[in-house]
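Indexing begins at 1, ligand by ligand and atom by atom, following the structure's order.
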Amino acid sequence: TPQQVTIPVVVHIVLDNPDLVTDAQVMSQIAVLNNDYNATNPDISQVPPVWQPIIGNSRINYCLAQRTPGDEPTTGIVRVTTAPGRGFDISGGSPDVKYDKSGGSDAWDTQKYLNIWVTRLSGNYLGVAAPPGMGYPSEQEGVVVLYTAFGTTGSVGRIYNLGRTTTHEIGHFFGLIHIWGDDNGACTRDDGIADTPLQGDNTYGCPSFPKTDNCSPNFPGIMFMNYMDYTDDACMHLFTAGQVGRMRDVLENTTRSLMS
Ligand code: ARG
Ligand code: ZN
Ligand code: CA
């Protein structure tokens, strides 16, 4: 079993009214992350019995940063007031929210902090990740989460209201891809994780178990309650041991400096 680690987090709230996301809302999100990454989430018992034995516990903990990069005391929460309607333009790929000079908020040293930007997103996106080692400029590494899909209170909406978007995006940050392998319904590409079943495409809503598809036609079917699917927040409950292995590998080899 991996050792407990705690990663300092800075949350940048970049909105025309950044006070919409209160400190309490930020703390509700941190609490969700600590549950989901330690398999202590209250809904873990809803994992079907057949998959209970492969529930993964990453022992990754998250805390709001207590010191700034300049070693001043901080809440770990930065609020920046930006122009109305401004946010993260995914299609244009323009990371304005990640830079002071374009009305956003500069990352804190991405070697030392996990940066989370909470903002608007173009289209219907809930979140997007810029994982380490994927060619992003280092000052863009981190995750962006829609302000209505962040935490469990305050400005959060109705379906993505249990903080699982951030759980999912940090999964990407630590090297996970979607559980269906991003191959548009085919069974050709896997997620590269041995203990997750093959799956054709993403799953929305809240299916009942068991659910099979063309790639996993037999019981127990697809693992739609995995954090790396697209189901509703209330219907996602686990990372597998295999997924945890991947995340710890990235953490300990690529982002080791986050651990100290
Ligand atoms: N669509 C987003 C992505 O691809 C996140 C989906 C999160 N799902 C959720 N139930 N919160 O990264
Ligand atoms: Zn995703
Ligand atoms: Ca798999």
Restricting to N, O or S atoms, which atom of Asp191 is closest to the Ca ion (ligand 3)? OD1

One should read off an interatomic distance between Ser105 OG and Tyr99 OH, to the nearest 0.5 angstrom, of 12.0 Å

So OG1 of Thr153 and CE of Met27: to nearest 0.5 Å the spacing works out to 11.0 Å

So, Asn61 side chain and Val5 main chain: donor-acceptor pair closer than 3.5 Å or not? yes

Among the protein atoms near the Zn ion (ligand 2), how many are N, O or S and lie under 2.8 Å away? 3

Verify the ring-centre separation between Phe239 and Phe174: is it less than 6.0 angstrom? no

Within less than 3.0 Å of the Ca ion (ligand 3), any N, O or S from Thr196? yes

When you compare ligand 1 with Asp232, is there at least one nitrogen or oxygen pair between them that comes in under 3.5 angstrom? no

Considering the heavy atoms of Glu169, write down every atom of ligand 1 situated less than 4.0 Å from one of them. 2 (C), 3 (C), 5 (C), 12 (O)

Using a 4.0 Å heavy-atom threshold (strictly under), name the region of Thr231 that reaches ligand 1: side chain, backbone, both or neither. backbone

Under a 4.0 angstrom heavy-atom cut-off, which atoms of ligand 1 come close to Met236? 10 (N)

Which atom name would you report as the N, O or S atom of Asp190 nearest the Ca ion (ligand 3)? OD1

Heteroatom proximity flag, Tyr160 to ligand 1, N/O under 3.5 Å: no

Quick one: does any side-chain atom of Arg246 pair with a main-chain N or O of Gly171 as donor and acceptor, under 3.5 Å? no

Please tell me whether Phe224 and Tyr230 form a close aromatic pair, meaning their ring centres lie under 6.0 Å apart. no

Ranking Leu126, Asp182, Asn202 by closest non-hydrogen atom to atom 8 (N) of ligand 1, top hit is Leu126

Quick one: which ligand 1 atoms are inside 4.0 Å of a heavy atom on Asp233? 9 (C), 10 (N), 11 (N)

What's the verdict on side-chain hydrogen bond (donor to acceptor under 3.5 Å, both in side chains) for Gln29 and Tyr62, showing C-alpha distance, side-chain angles and the deciding distance? CA-CA 10 Å; Gln29 179 64 67; Tyr62 301 85; over 6 Å; no

Numbered atoms of ligand 1 (with element) below 4.0 Å of Arg164, judged on heavy atoms: 11 (N)

What atoms of ligand 1 come closer than 4.0 angstrom to any heavy atom of His178? 4 (O)

